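Notes for the one structure printed next.
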Amino acid sequence: MVTIEREGGDPLPYEGVWRFTAPAVDASVPQARHAVRDLLLRQGVPVADDVVQGLLLIVSELVTNAVKHAALLSPMLAVEVAVGAEWIRVSVEDNHPYRPTALENDYGRTGGRGLLLVREITREAGGACEVEHTSTGGKVIWAALPLKPARTY
């Protein structure tokens, strides 16, 4: 685990970066989603349910895309979760060089909207997402969402 320090102080107990790898197969989609959810719970990240649900949907979509479109050239994928004092960032990395773009909405199609969905969830939450090349010729797709604290009553 890598610790991210906040400016002017020690990191909060839940701050850090965690990374795990998985085979680029269908079974990795729910496993990645559950691993991220369990990590947030185990670390005690104070995050609102709507942010968690959006984050888990993003993880599902990004891992699904890696499985569907990159498995031939990238039999393994990596999922990273980074938690800061005010944000959560998830990323999925594979070794396939193709850099996807968000497709235009085609209401006649039943698929191909995963990255659009990721961008919409991120935008609605006030976050950011991007596709970047890696130094090894692959790509990493990430989404960062503001860490809205869970409500306490």
Side-chain angles (χ1 to χ4, degrees), residues 1-4 11 13-84 87-148 150:
M1 176 183 79
V2 176
T3 302
I4 301 171
Y14 56 82
E15 288 183 87
V17 178
W18 298 266
R19 183 177 175 91
F20 60 90
T21 58
V25 297
D26 289 336
S28 293
V29 176
Q31 290 172 352
R33 187 176 53 246
H34 295 306
V36 170
R37 183 198 64 213
D38 293 347
L39 172 70
L40 296 175
L41 288 171
R42 185 175 60 250
Q43 292 304 120
V45 179
V47 61
D49 288 341
D50 61 327
V51 174
V52 172
Q53 294 309 313
L55 197 67
L56 296 179
L57 185 52
I58 288 169
V59 169
S60 292
E61 291 296 333
L62 295 182
V63 173
T64 296
N65 282 351
V67 168
K68 283 185 175 180
H69 304 294
L72 185 61
L73 295 178
S74 184
M76 295 296 287
L77 57 93
V79 177
E80 185 175 279
V81 179
V83 181
W87 49 267
I88 300 174
R89 176 179 150 151
V90 294
S91 61
V92 175
E93 181 179 335
D94 63 58
N95 291 322
H96 196 291
Y98 173 69
R99 183 178 169 151
T101 56
L103 303 174
E104 295 298 318
N105 258 342
D106 179 353
Y107 295 103
R109 291 184 59 168
T110 57
R113 295 192 189 119
L115 196 51
L116 277 175
L117 183 58
V118 168
R119 289 187 189 277
E120 186 62 21
I121 292 168
T122 304
R123 184 190 64 77
E124 285 183 9
C129 63
E130 190 59 60
V131 179
E132 299 173 352
H133 290 288
T134 64
S135 61
T136 59
K139 67 182 163 303
V140 61
I141 304 175
W142 60 265
L145 302 180
L147 181 64
K148 295 189 304 188

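In this chain, numbering begins with 1 at the start of the sequence shown. Predicted model, so just to flag it, every value in this text is computed and none were measured.
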Distance col, row Arg19:CZ vs Ser91:OG, nearest 0.5 angstrom, shows 6.5 Å

Any residue meeting side chain to side chain donor-acceptor pair (under 3.5 Å) with His69, in chain and number order, not counting sequence neighbours: none

Please find the pair of heavy atoms, one from Phe20 and one from Ala35, that lie closest to each other, and give the distance. CZ-CB, 3.8 Å

Assess whether side chain to side chain contact (heavy atoms under 4.5 Å, CB included) is satisfied between Val36 and Trp18, documenting all intermediate values. CA-CA 9 Å; Val36 170; Trp18 298 266; over 6 Å; no

Look up atom CG in Asn65 and atom CG in Leu115, then write down how far apart they are to the nearest 0.5 Å. 6.5 Å

Would you confirm whether Lys139, through its side chain, and Asp94, through its main-chain N or O, come within 3.5 Å as a donor-acceptor pair? no

Interatomic spacing from CG in Leu55 to CG in Asp50 - rounded to 0.5 Å: 11.0 Å

By the salt bridge (charged side-chain N to carboxylate O under 4.0 Å, His left out) test, which pairs, at least two apart or in different chains, include something from residues 126-136? Arg99-Glu130

N/O donor-acceptor pairs under 3.5 Å from side chains in residues 23-33, not counting sequence neighbours:
residue : atom : partner : partner atom : Å
Ser28   : OG   : Pro23   : O            : 2.6
Arg33   : NH1  : Ser60   : OG           : 2.7

Partner of Leu57 by side-chain contact (heavy atoms from CB on, under 4.5 Å), out of Leu62, Leu117, Val118: Leu117

Would you please name every residue forming a side chain to side chain donor-acceptor pair (under 3.5 Å) with Thr136, sequence neighbours left out? Thr134

Using a 3.5 Å cut-off and no angle test, enumerate the donor-acceptor pairs between side-chain atoms of residues 72-79 and protein atoms at least two apart in sequence or in another chain.
residue : atom : partner : partner atom : Å
Ser74   : OG   : Met76   : O            : 2.8
Ser74   : OG   : Asn95   : N            : 2.8

Applying side chain to side chain contact (heavy atoms under 4.5 Å, CB included) to Tyr14 and Leu147, what does each step give before you reach the verdict? CA-CA 12 Å; Tyr14 56 82; Leu147 181 64; 3.7 Å; yes

Tell me every residue that passes side chain to side chain contact (heavy atoms under 4.5 Å, CB included) with Arg37, counting only those two or more places apart in sequence or in another chain. His34, Leu41, Leu56

Side chain to side chain contact (heavy atoms under 4.5 Å, CB included) for Val92 and Ile141? Distances and angles first, verdict last. CA-CA 5 Å; Val92 175; Ile141 304 175; 5.5 Å; no

